[in-house]
Asks: 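Sending over a structure as structure tokens; questions will come in a sec.
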Amino acid sequence: MYVDYNKVGKNIAKRRRELRLKQYEVCERADINPKYLSCIETARSIPSVDVLMKLCDALETTPNQILLGSVCEIEKSQTAPIVTEKFSALSPKGQHLCLAFMD
């Protein structure tokens with residue numbers, strides 16, 4: 001099982017637009033950096049639980065609505081290619097750290 005953070009970001013942006021709020025307005029309500037919200041909405045950053053809760057409060061919604069459709073099952077046969085792709089995208093230092101973590 002994994003979370004599709006691209007979907008999470010799209011759900012946050014969709015809710016923000018439904019409320020006709022600008023990013024900076026949501027950031028003021030949630031007390032987060034505007035650049036961080038932009039990165040969350042485009043799946044370049046993963047929000048912590050604390051930030052997710054602040055965003056839900058600012059967007060007058062629930063975590064369920066933001067996470068709806070973002071949790072996906074992975075079949076065993078799909079795991080290896082996903083791991084390989086993510087591992088390949090790491091820097092050499094990140095790969096070393098990942099291997100150490102797995103050991």
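No hydrogens, no waters, no symmetry mates; every other heavy atom, side chains included, goes into these values. Positions are given from 1 along the sequence. Not measured: the values here are computed from a predicted model.
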Asks: Are any non-hydrogen side-chain atoms of L97 and L90 less than 4.5 angstrom apart?
Replies: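 No. Closest side-chain heavy atoms not under 4.5 Å.
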Asks: Roughly how far apart are E85 CD and S88 OG, rounded to 0.5 Å?
Replies: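 One gets 8.0 Å once the value is rounded to the nearest 0.5 Å.
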Asks: Of the non-hydrogen atoms in C27 and P34, which two are nearest, and what is the gap between them?
Replies: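 Scanning both residues completely, I find the closest heavy atoms to be SG-CA, 3.3 Å.
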Asks: Which atom pair, heavy atoms only, marks the closest approach of P47 to I40?
Replies: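 Residues P47 and I40, closest heavy atoms: CB-CD1, 3.8 Å.
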Asks: Q95: which residues meet the side chain to side chain donor-acceptor pair (under 3.5 Å) condition with it, sequence neighbours left out?
Replies: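 So Q95 forms no side chain to side chain donor-acceptor pair (under 3.5 Å) with any residue.
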Asks: E41 and side chain to side chain donor-acceptor pair (under 3.5 Å): which partner among K14, Q23, K10?
Replies: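 Going through K14, Q23, K10 one by one, the side chain to side chain donor-acceptor pair (under 3.5 Å) with E41 is satisfied by Q23 alone.
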Asks: Quick one: pull up CG in L55 and CG in D31 and give me the separation to the nearest 0.5 Å.
Replies: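 These two atoms lie 11.0 Å from each other.
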Asks: Report the residues that fulfil side chain to side chain donor-acceptor pair (under 3.5 Å) with T42, sequence neighbours left out, ordered by chain and then residue number.
Replies: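 Testing T42 for side chain to side chain donor-acceptor pair (under 3.5 Å), a comparison that skips the adjacent residues, returns R44.
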Asks: What is the minimum heavy-atom distance between Y36 and I46, and which atoms define it?
Replies: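 So the two residues come closest at OH-O, 3.6 Å.
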Asks: Cluster question for you: counting only ILVMFWY and a side-chain heavy-atom cut-off of under 4.5 Å, with indirect links fine, are M53 and L19 together?
Replies: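 No; L19 is not reachable from M53 via cluster members.
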Asks: Any heavy-atom pair between the side chains of N11 and Q65 that's under 4.5 Å?
Replies: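 No; the side chains remain at least 4.5 Å from each other.
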Asks: Of all heavy-atom pairs between A58 and V26, which one has the smallest distance, and what is that distance?
Replies: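 So the minimum-distance heavy-atom pair works out to CB-O, 4.0 Å.
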Asks: If you measure from NZ on K7 to CD1 on I12, what distance do you get to the nearest 0.5 Å?
Replies: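 Going from the NZ atom of K7 to the CD1 atom of I12 covers 12.0 Å.
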Asks: Are Y24 and L37 close enough that some pair of their side-chain heavy atoms sits under 4.5 Å apart?
Replies: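 No; the side chains remain at least 4.5 Å from each other.
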Asks: Under the salt bridge (charged side-chain N to carboxylate O under 4.0 Å, His left out) rule, collect the residues that match up with E25, sequence neighbours excluded.
Replies: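 Here no residue qualifies.
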Asks: Working to the nearest 0.5 angstrom, can you tell me the gap between K54 NZ and I32 CD1?
Replies: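 If I round to the nearest 0.5 Å, the distance is 8.0 Å.
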Asks: Find out whether H96 and K93 are in side-chain contact, i.e. whether some heavy atom of one side chain is under 4.5 Å from a heavy atom of the other.
Replies: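 No. Closest side-chain heavy atoms not under 4.5 Å.
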Asks: Find out whether I66 and T61 are in side-chain contact, i.e. whether some heavy atom of one side chain is under 4.5 Å from a heavy atom of the other.
Replies: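 Result yes, sub-4.5 Å side-chain heavy-atom pair found.
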Asks: Quick test of your reading of the model: are E60 and R29 salt-bridged, counting only N-O distances below 4.0 Å?
Replies: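 Answer for the salt bridge query: yes.
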Asks: Quick one: are C56 and T62 in side-chain contact, heavy atoms under 4.5 Å?
Replies: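 No - every pair of side-chain heavy atoms lies 4.5 Å or more apart.
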